[in-house]
Engineer: 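Quick one: the structure is below, questions incoming.
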Amino acid sequence: MNRKESAAMYAPLYQALQEHRAKQRASFHTPGHKNSPLALPDGLYALDFTELPDTDSLFEASGAIREAELAAARLFGARRTLISAGGCSLCIQAMLRLALPQGGQAVCGRVVHRSAVNAMALLDLEPVWAPNSTAGILKKLEQTPQAGAVYVTSPSYYGQLMDIPALAEACKRRGIPLLVDNAHGAHLAFTEPRLHPLQLGASMTACSAHKTLGVLTGGAWLNIADERYCGGAKQAMSLFASTSPNYMVMASLDWARAWLEEHAALAYPVLQARVAALREQAAALGFGFPQGRCDPTRLTLDASPLGFTGEEAAKRFRAEGVECEMADGAYVVFIATPFNSDADFDRLARALPRVAAKRGEPQGRTGGTARGPFPAIAPAKLRLRAAVFAPHEEIPLAFAAGRIAAEAACPCPPGIPVVMPGEIITPEAAEFLKSYGFFTIKVLK
């Protein structure tokens with residue numbers, strides 16, 4: 001094939017990625033490696049091999065993969081660490097299987113990834129939903145004597161952190177595991193103070209390394225602190241995983257672990273200082289911030305005090321050559337890592353006053369977004385698994401109030417389910433979904 005024939009090939013996705021790359025925007029979104037040569041080793045893309053006698057096998061892991069997992073466990077202080085080339089979703093699935101192999105109830109914070117909802121349906125677990133606050137989860141745990149686990153997401157997409165020590169202590173008293181979706185917090189083992197949930201008392205954490213570390217997309221770790229769950233961990237993960245894991249992804253996890261051992265102690269103080277300076281600059285310009293304790297490396301700005309939405313702010317930042325991770329009716333979120341360049345930070349610092357310059361009337365908010373508060377958790381009329389696998393139909397949202405949901409209706413951003421399968425769709429939930437551009441929803445027949 002000559003160069004002319006190659007140029008004529010129809011490859012729309014490849015072309016779209018090339019065109020986006022040519023825009024050369026400052027990357028404050030996933031993946032954490034930022035396509036930096038400092039993050040990924042030379043020749044990584046030549047390592048697309050498979051299970052061979054000298055490359056080991058992920059779910060047997062008796063050679064190099066086993067050694068890589070042992071090294072990662074030492075880094076995080078885990079009893080056992082498993083590599084995942086299937087993203088954090090695979091870690092979440094395995095974590096739930098290990099914690100509740102025979103089914104049962106789990107007290108769950110409402111901020112939950114769709115993969116966890118699907119895994120609970122497959123495993124026939126019964127989530128007992130709680131308001132997404134430490135106090136709300138502790139109260140619901142007291143009211144649920146049969147709960148076999150507690151499942152929370154920390155940090156949130158906005159970087160907000162749960163009180164993991166308090167939750168861990170409550171779980172310890174009950175003799176049940178605390179499971180943490182730590183997708184956005186793999187790097188918290190290296191911040192000052194250390195904020196990784198495994199180090200704060202969690203039993204197991206699903207850590208999406210590619211989001212904030214120098215790892216190819218799809219790379220994650222399942223970290224286990226409780227010895228009870230170590231023995232069957234590989235088997236639990238293999239139930240959900242591909243039998244053809246990507247060796248480049250796994251190799252990038254191993255390389256990132258080695259890089260962290262060598263450089264994290266110097267890299268993260270610098271990163272935290274840079275983000276703190278940006279946060280101080282943004283505050284002086286009138287931006288707001290999420291409430292509560294937050295990830296010290298994540299910059300989440302509330303644009304509503306300046307009179308515009310997070311989506312509008314994201315468009316303005318994009319026009320200044322800065323690409324954010326996500327935006328909603330109030331917030332715009334930037335993920336910074338040690339692999340952002342000096343030029344990236346300089347561009348964001350220059351963009352802040354330009355974005356803030358065009359002010360409007362401050363927008364009042366009473367909940368998670370400028371669209372208003374999230375609806376209250378509705379009563380469930382059917383178990384999760386039964387609702388997911390029951391016959392259903394898709395109807396206009398205008399006629400959905402009073403019907404039973406057959407899917408998790410999850411505006412993204414911010415990625416928080418408004419209704420869950422099996423729950424009654426309230427008028428408030430239907431109106432909220434409408435404000436996010438939903439027109440239809442799946443309900444039980």
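All figures in this text were calculated on a predicted structure; none of them were measured in a lab.
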Engineer: Does I65 reach the side chain of F59, with side-chain heavy atoms less than 4.5 Å apart?
Structural biologist: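 With C-beta onward as the side chain, the pair stays apart.
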Engineer: Does any donor atom in the side chain of Q272 or Y268 lie under 3.5 Å from an acceptor atom in the other side chain?
Structural biologist: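 No.
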Engineer: Please identify which of these residues, L200, T134, L195, meets the side chain to side chain contact (heavy atoms under 4.5 Å, CB included) condition with L161.
Structural biologist: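 The residue from L200, T134, L195 that satisfies side chain to side chain contact (heavy atoms under 4.5 Å, CB included) with L161 turns out to be L195.
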Engineer: Could you check whether atom CZ of R79 has more than 12 heavy atoms from other residues, nucleotides or ligands sitting under 6.0 Å from it?
Structural biologist: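 At most 12 heavy atoms, drawn from other residues, nucleotides or ligands, come within 6.0 Å of this atom.
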Engineer: Can we say E323 and R318 salt-bridge, meaning some charged N sits less than 4.0 Å from an Asp/Glu carboxylate O?
Structural biologist: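 Result for this pair is yes, salt bridge flagged.
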Engineer: Hey, are R347 and D344 close enough for a salt bridge, meaning a charged N less than 4.0 Å from a carboxylate O?
Structural biologist: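 No, R347 and D344 are not salt-bridged.
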Engineer: Under 3.5 Å, side chain of S242 to main-chain N/O of S244, donor-acceptor pair present?
Structural biologist: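 Here the side-chain-to-backbone pair exists.
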Engineer: Are Y45 and L216 side-chain neighbours, meaning at least one heavy-atom pair lies under 4.5 Å?
Structural biologist: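 Yes, their side chains come closer than 4.5 Å.
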Engineer: Is atom CD of Q18 surrounded by more than 12 heavy atoms (other residues, nucleotides or ligands) closer than 6.0 Å?
Structural biologist: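 Atom CD in Q18 is crowded, with more than 12 foreign heavy atoms closer than 6.0 Å.
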Engineer: Could you grab the distance from atom CG of L179 to atom OG of S203, nearest 0.5 Å is fine?
Structural biologist: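 So the CG of L179 and the OG of S203 are separated by 6.5 Å.
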Engineer: Pairing donors with acceptors under 3.5 angstrom, does anything connect the side chains of D302 and Y158?
Structural biologist: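 The answer is no; no qualifying pair exists.
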Engineer: Closest approach of F317 and L301, non-hydrogen atoms and distance?
Structural biologist: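 Reported closest heavy-atom pair: CZ-CD1, 4.3 Å.
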Engineer: Closest approach of T144 and Q105, non-hydrogen atoms and distance?
Structural biologist: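 What the structure gives for the nearest pair is CG2-OE1, 3.2 Å.
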Engineer: Could you grab the distance from atom CG of L299 to atom CZ of R274, nearest 0.5 Å is fine?
Structural biologist: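 Spacing of CG (L299) from CZ (R274) equals 14.0 Å.
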Engineer: Nearest 0.5 angstrom please: C91 SG to F240 CZ, how far?
Structural biologist: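 Those atoms lie 12.0 Å apart.
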